[in-house]
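Computed from a predicted structure; not experimentally measured. All residue numbers refer to positions in the sequence shown, counting from 1.
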Amino acid sequence: MTSLALGMSADGGCHVQQAQQHQPFMRAIYRRDRTRIKGRGITRTVTTSDGVSLSVREYGSRDPAHTVVLLHGLCLTKDSWTIPIDHLLDQYGDNIRIISYDHRGHGDSATAPMDTYHIDRLAADLADLLAALGVAGPLTFAGHSMGGMVALAYLGRPAAQRPAQPHGLILVATAAGKLTERGLGRLLANPATNILYEVAQRAPRIAEHASRALARPVCGILVRFGGYGTASRDARVAESAATINATPVATKAGFLRALRHYNQYQTLSSITATTVVVSGGADRLTPPPHAHDLAGGIPGATLVHRPAASHMLLDEAPHVISDAIIGIIGAHKTGAMRRHVMRNYAKPASRQPLTAREAC
């Protein structure tokens, strides 16, 4: 089997090293899946209240029984949801509406001033998108990593600033705060984060080159460690790493600095949506203590733990996430109790004390 070494280039920039030859079979399957999904969706543009164009892709019906909004992580794009989207379309066809989009500064969405690269602004973007697309009726949010933080920040907004209220909430490899206190998130407190931000803001023309040496301690946690555990596939590791590498330095610098101050713990107890929290035992970016905080703070939340998975659960355990969404949709449709949402496919994580590895 071919393996990939994720690391840093000689000048300090993020890159992907191919340890051996390509793995064409796996890459072909992954490209085929992405092409098939893109062919089933409609791409449109939504303009936010401050004038930033967001690239949005919709699937399914405009008059669905249930709408699902998918929120991607930092330095990723809407394409990171390809596999769960495929599962949901196969399950529901035109009886569902799926909305995925690129956050500002990511993917095909427009860039924006660096001082807007923070979670509260992304929550405002989500509100703008829901209003622009006329989202109504039963609704589920699913957020991975920073996307989960956006969902929590949206729920922390005053009711008048939330155009739609989700009935379901899936939080994948994410946190309510305390990012600088656990795991590799501690590196966010490194002074290089501020230096990287200042260089990217004050010298945008040379930032892509000059800031590479400064990016080592922060960009390295995204690429060199990759966020993958033992369940990963090489083709998907390369795909995610390439997306991270392609994200502008200004986007990385802006959001990395903002994440240091992110805190939505005060929002958790007020969440009424049926909630499933999914965590990986090998996740070094948002280690399991974050998931335990979320599940313990949100009333009635279910915690599902995959010991061998890491941060990129969308690739490593996509069926767990798809089934969580399907379970929530089914529970809302039938009026089932929260505790039955997960019964058919996953055993919730126990409330036993965390191991030393989980507590890193």
Side-chain angles (χ1 to χ4, degrees), residues 44-57 69-78 80 99-133 135 141 143-158 160-164 174-177 179-180 185 188-189 192-208 210-211 214-215 218-219 222 243-264 266-267:
R44 64 181 77 247
T45 299
V46 168
T47 302
T48 66
S49 56
D50 65 343
V52 177
S53 297
L54 303 180
S55 177
V56 183
R57 193 172 298 135
V69 176
L70 305 173
L71 305 161
H72 69 77
L74 176 62
C75 297
L76 299 175
T77 70
K78 57 184 175 293
S80 62
I99 300 170
S100 63
Y101 67 100
D102 293 331
H103 297 304
R104 59 177 57 208
H106 291 79
D108 296 323
S109 289
T111 58
M114 284 184 65
D115 60 5
T116 70
Y117 288 162
H118 53 81
I119 304 301
D120 288 342
R121 180 61 246 187
L122 294 187
D125 290 350
L126 174 57
D128 292 341
L129 179 141
L130 295 173
L133 297 181
V135 174
F141 288 160
H144 169 243
S145 192
M146 188 177 74
M149 300 174 200
V150 174
L152 292 174
Y154 174 88
L155 293 172
R157 291 163 62 87
Q161 297 178 22
R162 300 196 302 265
T174 190
L179 293 173
T180 61
L188 292 174
T193 304
N194 278 337
I195 299 173
L196 177 59
Y197 182 93
E198 294 298 329
V199 171
Q201 185 178 50
R202 297 184 181 184
R205 292 184 180 181
I206 63 172
E208 293 293 334
S211 64
L214 303 175
V218 287
C219 188
L222 297 174
T243 302
I244 291 169
N245 292 342
T247 303
V249 167
T251 299
K252 295 172 183 174
F255 282 111
L256 285 171
R257 191 171 83 156
L259 287 174
R260 296 185 306 181
H261 309 292
Y262 161 75
N263 185 347
Q264 285 294 327
Q266 73 281 0
T267 299

Next item on the list: Output, in order, the C-alpha distance, side-chain angles, deciding distance and verdict of side-chain contact (heavy atoms from CB on, under 4.5 Å) for Asp120 and Tyr262.
Entry: CA-CA 9 Å; Asp120 288 342; Tyr262 161 75; over 6 Å; no
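- Electrostatic pairing of Asp50 and Arg121 counts as a salt bridge here, judged by a charged N lying under 4.0 Å from a carboxylate O.
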Note to self: Please determine whether ring pair (Phe, Tyr, Trp, His ring centres under 6.0 Å) holds for the pair His106 and Phe255, giving the CA-CA distance in whole Å, both sets of side-chain angles, and the decisive distance to 0.1 Å.
What the structure shows: CA-CA 11 Å; His106 291 79; Phe255 282 111; 5.6 Å; yes
Next item on the list: Quick one: do Met146 and Thr174 satisfy side-chain contact (heavy atoms from CB on, under 4.5 Å)? Show the steps, please.
Entry: CA-CA 7 Å; Met146 188 177 74; Thr174 190; over 6 Å; no
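- For the atom pair Leu179 CG and His261 NE2, the distance stands at 11.5 Å (nearest 0.5 Å).
- Residues Gly105 and Pro248 approach most closely at O-CD, 3.7 Å, considering heavy atoms.
- Here the CZ-OH distance, from Arg257 to Tyr117, works out to 14.0 Å after rounding to the nearest 0.5 Å.
- Distance check: Thr48 OG1 to Leu122 CG gives 10.5 Å after rounding to the nearest 0.5 Å.
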Note to self: Applying side-chain contact (heavy atoms from CB on, under 4.5 Å) to Leu259 and Met149, what does each step give before you reach the verdict?
What the structure shows: CA-CA 10 Å; Leu259 287 174; Met149 300 174 200; 3.7 Å; yes
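- Between the side chains of Ser49 and Asp128, at least one donor-acceptor pair of N or O atoms lies under 3.5 Å.
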Check: Going through the distances and angles, do Leu130 and Arg162 end up as a side-chain contact (heavy atoms from CB on, under 4.5 Å)?
Finding: CA-CA 9 Å; Leu130 295 173; Arg162 300 196 302 265; over 6 Å; no
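- Of the residues Leu54, Val52, Leu71, Asp125, the one that meets the side chain to side chain contact (heavy atoms under 4.5 Å, CB included) test with His103 is Leu71.
- Checked against a 6.0 Å centroid threshold, the rings of His144 and His72 do not count as neighbours.
- For Arg104 and Thr116, the side-chain atoms include at least one donor-acceptor pair closer than 3.5 Å.
- At distances below 3.5 Å, at least one donor-acceptor pair connects side-chain atoms of Thr247 with backbone N or O atoms of Cys75.
- Each of Thr77, Asp102, Val46 was compared with Ser109 under the side chain to side chain contact (heavy atoms under 4.5 Å, CB included) criterion, and only Asp102 meets it.
- Here the shortest heavy-atom pairing between Thr45 and Ser53 reads CG2-CB, 3.7 Å.
- Lys78 and Asp108 are joined by a salt bridge, as a carboxylate oxygen and a charged side-chain nitrogen come within less than 4.0 angstrom of each other.
- What you find for Gln264 and Gly156 is that their closest heavy atoms are OE1-CA, 4.0 Å.
- Atoms CG and CZ, from Leu152 and Phe141 in turn, are 10.5 Å apart once rounded to the nearest 0.5 Å.
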